[in-house]
Peer 1: 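The structure is given below, and queries will be raised subsequently.
One-based numbering, in listed order, for ligands and for the atoms of each. Not measured: the values here are computed from a predicted model.
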Amino acid sequence: MSFPDIVPELKARMPQLRGPLIANQPLDTQSWFRTGGPAQALYLPADEDDLAYLLRNLPADVPLTVIGASSNLIIRDGGIPGVVIRLGRAFGKIAAEADHRVRAGAAALDANVARAAQEAGIDGLAFLSGIPGSIGGALRMNAGAYGGETKDVLVEARGIDRAGNARVFGNADMAFSYRKSGAPEDVIFTEALLQGRAGDPAAIAAEIARIKKARADTQPPNKTCGSTFKNPPGHKAWQLIDAAGCRGLTVGGAQVSALHCNFLINLGNATAADIEKLGETVRARVKETSGVALDWEIKRIGIA
Ligand SMILES: Cc1cc2nc3c(=O)[nH]c(=O)nc-3n(C[C@H](O)[C@H](O)[C@H](O)COP(=O)(O)OP(=O)(O)OC[C@H]3O[C@@H](n4cnc5c(N)ncnc54)[C@H](O)[C@@H]3O)c2cc1C
C-alpha cells in the first residue's frame with residue numbers, strides 16, 4: 001500500500017528544512033517484529049533546530065508520530081499517516097560528565113549508553129545494557145530491567161513540543177510510573193542526563209555480561225518486541241497467559257513464545273494484524289480464565 005505524496009507540499013511550506021523528508025518510506029525493515037506498512041512521510045531531523053523548525057511549521061492537521069528503535073511497537077500493516085520522525089546520528093552522542101553522570105542523545109541505543117558508562121567507571125546504568133531500544137524510547141516507556149528503571153537514574157530530559165518550543169523536564173516532571181511517562185504526549189525527547197555512581201569498570205562489565213547471559217537463557221531469539229503486556233498489580237503476565245493455555249498459541253505467522261509466554265514472536269511471515277490479533281486473543285482468554293484484563297505494554301500505531 002502507499003499513501004498520497006505529501007512531501008512536495010510540505011517542502012514548499014518549509015524551504016529551510018535540512019533533514020531528509022521522504023515519501024512512503026517502509027518501516028518494516030527497522031521494526032523489531034519486521035512487520036508493518038510505510039510512513040506517509042519519514043523525516044530525519046538534521047539537528048534540534050531543524051526539528052524545531054519542522055514542528056513550528058507543520059500544519060496542525062498533519063498527524064505526527066515519533067519512533068525510536070521500534071523495539072516496542074506494532075506498526076500496523078496500513079502504515080502511519082502524516083509525518084513520522086526518527087532521530088538519527090545527530091541525536092546519538094553519548095558523553096560521560098562530572099559527578100558520575102552520562103549525557104545521551106535520544107537516538108543513542110540504551111546498550112551503548114550502558115557500555116559508555118561502564119568504560120567511564122560509572123555504575124548504576126548496567127540495566128540499560130539488555131534493553132534494545134533508544135534513550136528516547138526509554139524516557140517515554142520508563143524502560144527498566146533487572147532492578148533498574150529509567151526513573152531511578154534520570155536527572156533531566158530535554159525535548160521539543162509540537163509547537164516547536166524547547167522543553168526541559170526534571171525527574172518529577174516526567175511523572176514516571178510502570179513503563180510509562182506522564183510527560184506531555186506531544187514532546188519529542190532529544191536528550192537525557194543520567195545519574196550513576198562511582199564503580200569499578202571490571203565489575204560493571206561482569207554485571208553487563210551477567211545480564212546478557214540471563215537474557216539469552218530466558219528470551220526467544222526470534223523477531224519480537226519483548227514483553228507484550230504489563231504485569232498487572234499482584235500478578236505476572238506470563239503466568240496468567242500460561243494458565244490460560246496460550247503458550248505456543250498461533251495466529252497466522254505469529255506465535256506466543258513457548259520459551260517466554262509474555263513474548264509474541266514473528267515466525268517469519270506474520271503480518272502486524274496477525275500479531276495484534278494474537279495479542280487480543282491472549283487478552284480475551286486471560287480475562288476469561290482469571291478475570292484479569294491485561295494492558296498492552298507494546299504500543300500499537302498506524303492504520304490497519
Ligand atoms: C527482546 C526485547 C527485550 C526487551 N526487554 C525490555 C526490558 O527488559 N525492559 C523494558 O522496559 N523494555 C524492554 N523491551 C521493550 C523496548 O526495548 C523498550 O520499551 C524501549 O524503551 C523502547 O525504545 P525504542 O527506542 O525502541 O522505542 P520505540 O519502540 O520506537 O517507541 C516506543 C514509544 O516511545 C516513543 N518514543 C520513542 N522515541 C521517542 C522520543 N525521542 N521522544 C518521545 N517519544 C519517543 C514512541 O513514540 C513510542 O510511544 C524489550 C524489547 C525487546 C525487543
Peer 1: Quick test: of every protein heavy atom, which one is nearest to atom 24 (P) of ligand 1, and how far off is it to 0.1 Å?
Peer 2: Ala69 N, 3.5 Å
Peer 1: Which residue and atom name correspond to the protein heavy atom nearest atom 53 (C) of ligand 1, and how close is it?
Peer 2: Thr224 O, 3.3 Å
Peer 1: Please give me the minimum heavy-atom distance between Phe127 and Ala143, naming the atom from each residue.
Peer 2: CE1-O, 3.9 Å
Peer 1: Among protein heavy atoms, which sits nearest to atom 48 (C) of ligand 1, and what does the distance come to when rounded to 0.1 Å?
Peer 2: Leu73 CD2, 4.0 Å
Peer 1: Please confirm whether the backbone N or O of Gly302 pairs with a side-chain atom of Arg76, one donor and one acceptor, at under 3.5 Å?
Peer 2: yes
Peer 1: Are any of the N/O atoms on Gly68, whether in the backbone or the side chain, positioned under 3.5 angstrom from an N/O atom of ligand 1?
Peer 2: yes
Peer 1: Without swapping roles, check the side chain of Arg158 against the backbone of Thr190 for a donor-acceptor pair under 3.5 Å.
Peer 2: no
Peer 1: Quick one: which ligand 1 atoms are inside 4.0 Å of a heavy atom on Gly137?
Peer 2: 21 (O), 23 (O), 24 (P), 25 (O), 27 (O), 34 (O), 37 (C), 38 (N)
Peer 1: Out of curiosity, is Thr190 lining ligand 1, as in a heavy atom under 4.0 Å away?
Peer 2: no
Peer 1: Out of Gly144, Ala145, Pro132, whose heavy atom is nearest to atom 9 (N) of ligand 1?
Peer 2: Gly144
Peer 1: Among all protein heavy atoms, pick the one closest to atom 28 (P) of ligand 1 and tell me residue, atom and distance.
Peer 2: Ser70 N, 3.7 Å
Peer 1: Does Asp77 reach the main-chain N or O of Ala304 with its side chain, forming a donor-acceptor pair under 3.5 Å?
Peer 2: no
Peer 1: Measure across Gly124 and Val153 and return the closest heavy-atom pair with its distance rounded to 0.1 Å.
Peer 2: O-CG1, 3.7 Å
Peer 1: If you measure only the distance, is there a donor-acceptor pair under 3.5 Å linking the side chains of Gln30 and Ser70?
Peer 2: yes
Peer 1: Geometry only, no angles: is Asn142 polar-contacting ligand 1 at N/O separations under 3.5 Å?
Peer 2: no
Peer 1: Distance-only, no hydrogens or angles: does the Ser129 side chain make a donor-acceptor pair with backbone N or O of Ala126 under 3.5 Å?
Peer 2: yes
Peer 1: Carefully, step by step, assess Tyr43 and Asp50 under the rule side chain to side chain donor-acceptor pair (under 3.5 Å).
Peer 2: CA-CA 10 Å; Tyr43 167 58; Asp50 196 43; 2.8 Å; yes
Peer 1: Identify the protein heavy atom lying closest to atom 42 (N) of ligand 1, giving its residue, its atom name and the separation to 0.1 Å.
Peer 2: Phe189 N, 2.9 Å
Peer 1: Can you give me the closest heavy-atom contact between Ala237 and Asn231, atom names plus distance?
Peer 2: N-OD1, 2.8 Å
Peer 1: With a 3.5 Å distance limit and no angle check, can you tell me whether Arg86 reaches the backbone of Val66 through a side-chain donor-acceptor pair?
Peer 2: no
Peer 1: Just to verify, which of Val256, Leu249, Thr250 counts as forming a side-chain contact (heavy atoms from CB on, under 4.5 Å) with Thr281?
Peer 2: Leu249
Peer 1: Tell me whether Lys180 at atom NZ has more than 12 heavy atoms from other residues, nucleotides or ligands lying less than 6.0 Å away.
Peer 2: no
Peer 1: Which atoms of ligand 1 are found less than 4.0 Å from any heavy atom of Ala143?
Peer 2: 11 (O), 21 (O)
Peer 1: Using a 4.0 Å cut-off to any heavy atom of Gly133, which atoms of ligand 1 qualify?
Peer 2: 17 (O), 23 (O), 24 (P), 25 (O), 26 (O)
Peer 1: Output yes when a side-chain donor or acceptor of Asp161 lies under 3.5 Å from a complementary backbone atom of Ile188, and no otherwise.
Peer 2: no
Peer 1: If you count the atoms of ligand 1 from 1 in the order shown, which ones are under 4.0 Å from a heavy atom of Lys299?
Peer 2: 49 (O)
Peer 1: Please identify which atoms of ligand 1 are closer than 4.0 Å to at least one heavy atom of Ala138.
Peer 2: 21 (O)
Peer 1: Can you report which non-hydrogen protein atom sits closest to atom 47 (O) of ligand 1, along with the distance?
Peer 2: Val66 O, 2.6 Å
Peer 1: Check each atom of ligand 1 against the heavy atoms of Val187 and keep those under 4.0 Å away; list them by number with element.
Peer 2: 43 (C)
Peer 1: What is the nearest protein non-hydrogen atom to atom 29 (O) of ligand 1, stated with its residue, atom name and distance?
Peer 2: Asn72 N, 2.8 Å
Peer 1: Below 3.5 Å, N or O to N or O, backbone or side chain included: is there any such pair between Gly226 and ligand 1?
Peer 2: no
Peer 1: Applying a heavy-atom cut-off of 4.0 Å, say which part of Trp32 lies close to ligand 1: side chain, backbone, both or neither.
Peer 2: side chain
Peer 1: List ligand 1 atoms under 4.0 Å from Leu87, heavy atoms only on the residue side.
Peer 2: 41 (N)
Peer 1: Do any N/O atoms on Met141 end up under 3.5 angstrom from N/O atoms on ligand 1?
Peer 2: no
Peer 1: Search all heavy atoms of Gly147 against all heavy atoms of Asp152 and return the closest pair with its distance.
Peer 2: O-OD2, 4.1 Å
Peer 1: Run the contact test for Arg215 against ligand 1 with a 4.0 Å cut-off on heavy atoms, strictly below, and give the result.
Peer 2: yes
Peer 1: When you measure from atom 17 (O) of ligand 1 to each heavy atom in Ala108, Gly130, Ser71, Ala157, which option holds the nearest one?
Peer 2: Ser71
Peer 1: So, using side-chain contact (heavy atoms from CB on, under 4.5 Å) as the criterion, who are the partners of Asp173 when residues are at least two apart?
Peer 2: Phe169
Peer 1: Are any side-chain N or O atoms of Asn142 and backbone N or O atoms of Phe176, one a donor and one an acceptor, separated by less than 3.5 Å?
Peer 2: no
Peer 1: With nothing but distance in play, are any N or O atoms of Ser134 less than 3.5 Å from an N or O of ligand 1?
Peer 2: yes
Peer 1: Which atoms of ligand 1 sit under 4.0 Å from any heavy atom of Cys225?
Peer 2: 51 (C), 52 (C), 53 (C)
Peer 1: Does any N or O of ligand 1 fall below 3.5 Å from an N or O anywhere on Arg179, backbone included?
Peer 2: yes
Peer 1: Which residue and atom name correspond to the protein heavy atom nearest atom 12 (N) of ligand 1, and how close is it?
Peer 2: Ile131 CG2, 4.0 Å
